[in-house]
Amino acid sequence: MRKILLHLDSDPLASVFDRIVAIDAGVDEVLSYGGVRPEQVQTLVHGAIFTRGPKDLKSSAIFIGGSDVSAGESLLEEVRRHLLPQFGLRVSVLLDANGANTTAAAAVRAAARHIELNGAPALVLGGTGPVGQRVARLLARQGAEVRVGSRQRARAEKVCEAIRGKFPNARLEPTGTGSSLELQSALVGRALVIAAGAAGAVLLSRTDRAGCSSLKNLIDLNAVPPLSIEGVEVIDKGKERDGIICYGAIGVGDTKMKIHKAAIAKLFESNDQIMDAEEVYALASTI
Ligand SMILES: NC(=O)c1ccc[n+]([C@@H]2O[C@H](COP(=O)([O-])OP(=O)(O)OC[C@H]3O[C@@H](n4cnc5c(N)ncnc54)[C@H](OP(=O)(O)O)[C@@H]3O)[C@@H](O)[C@H]2O)c1
């Protein structure tokens with residue numbers, strides 16, 4: 001049975017990146033649809049689940065991409081609604097809109113190589129973006145005490161509420177990071193900082209972190225100069241700088257690619273998986 005991936009993308013042009021990764025992960029045929037809206041999902045899902053018998057449906061799967069993670073989440077909800085598990089008519093589904101799940105999983109795995117996450121004092125800069133929100137969620141699920149940073153504290157508060165809505169035990173604290181004073185106060189006692197800010201935005205200067213003696217691990221996901229954490233290089237991968245273990249976006253990106261390919265390959269092991277942040281992270285932990 002040929003492995004067929006139905007690629008649903010909320011952007012007008014379905015992602016070339018995601019198509020190539022799928023092929024490199026062993027998919028035989030990628031059927032890419034761009035500009036997909038929720039009301040179009042039923043027909044697309046039916047095309048996937050009514051063409052092969054239940055035993056063969058593990059050779060069909062769905063990937064949801066696109067730069068808008070909320071749009072991707074809506075597509076995932078809609079896909080779920082149109083699977084027919086009671087008849088075995090379902091396929092496995094991976095959500096990785098904006099690369100958010102695989103990138104966040106790679107970042108948190110990088111941290112886990114050096115720090116016991118359970119109880120770890122962490123700060124996520126750019127914590128309101130799609131990647132930052134997932135980083136915060138994954139760290140909190142591992143038992144970390146997470147400060148979620150935003151230039152507007154109210155935005156961080158909303159993110160914390162949304163995560164607590166799903167995971168009530170999550171230890172989260174919103175924090176403003178709009179000024180040097182706020183940043184320095186957000187850094188107090190933090191061992192781990194993950195910067196998931198917009199491309200090309202500096203979020204943490206050397207001066208602002210100079211007085212923070214608790215720092216052990218800095219991870220910057222931005223690859224576009226200027227980088228988000230001053231002093232971390234884009235290719236750093238566990239590089240020690242002044243006693244702090246550093247990762248840059250390329251250092252994390254290598255693991256992200258491995259996770260992305262492994263997640264695609266896993267879709268074809270059975271037809272009953274829904275892979276979102278936690279499932280992708282669980283897989284990442286085995287790589
Ligand atoms: N390495 C990889 O494989 C990979 C894959 C995907 C993404 N990425 C990178 O991961 C990072 C996060 O991605 P994303 O899509 O989640 O980012 P995003 O939505 O573009 O931005 C994240 C947050 O950054 C803050 N921000 C925006 N402009 C800013 C500015 N000028 N100064 C300071 N903060 C600013 C905003 O938070 P507030 O307004 O709340 O402060 C925003 O919510 C990006 O750098 C992206 O390029 C890397």
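Both ligands and their constituent atoms are indexed starting at 1 by order of listing.
- The shortest side-chain heavy-atom distance between Lys166 and Arg137 falls under the 4.5 Å cut-off.
- A donor and an acceptor atom, one from each side chain of Ser180 and Asp208, are located under 3.5 Å apart.
- The immediate protein surroundings of ligand 1, defined as residues with any heavy atom under 4.0 Å of it, consist of Asn98, Thr103, Gly126, Thr128, Gly129, Pro130, Val131, Ser150, Arg151, Arg155, Ala196, Gly197, Ala198, Ala199, Ala201, Leu203, Leu221, Asn222, Ala249, Lys256.
- The existence of a salt bridge linking Glu161 and Arg164 is excluded, since no basic side-chain nitrogen approaches an acidic carboxylate oxygen closer than 4.0 Å.
- With respect to Arg81 and Glu77, no salt bridge is recorded, no charged nitrogen being found less than 4.0 Å from a carboxylate O.
- A donor and an acceptor atom, one from each side chain of Thr128 and Arg155, are located under 3.5 Å apart.
- The existence of a salt bridge linking Lys58 and Asp272 is excluded, since no basic side-chain nitrogen approaches an acidic carboxylate oxygen closer than 4.0 Å.
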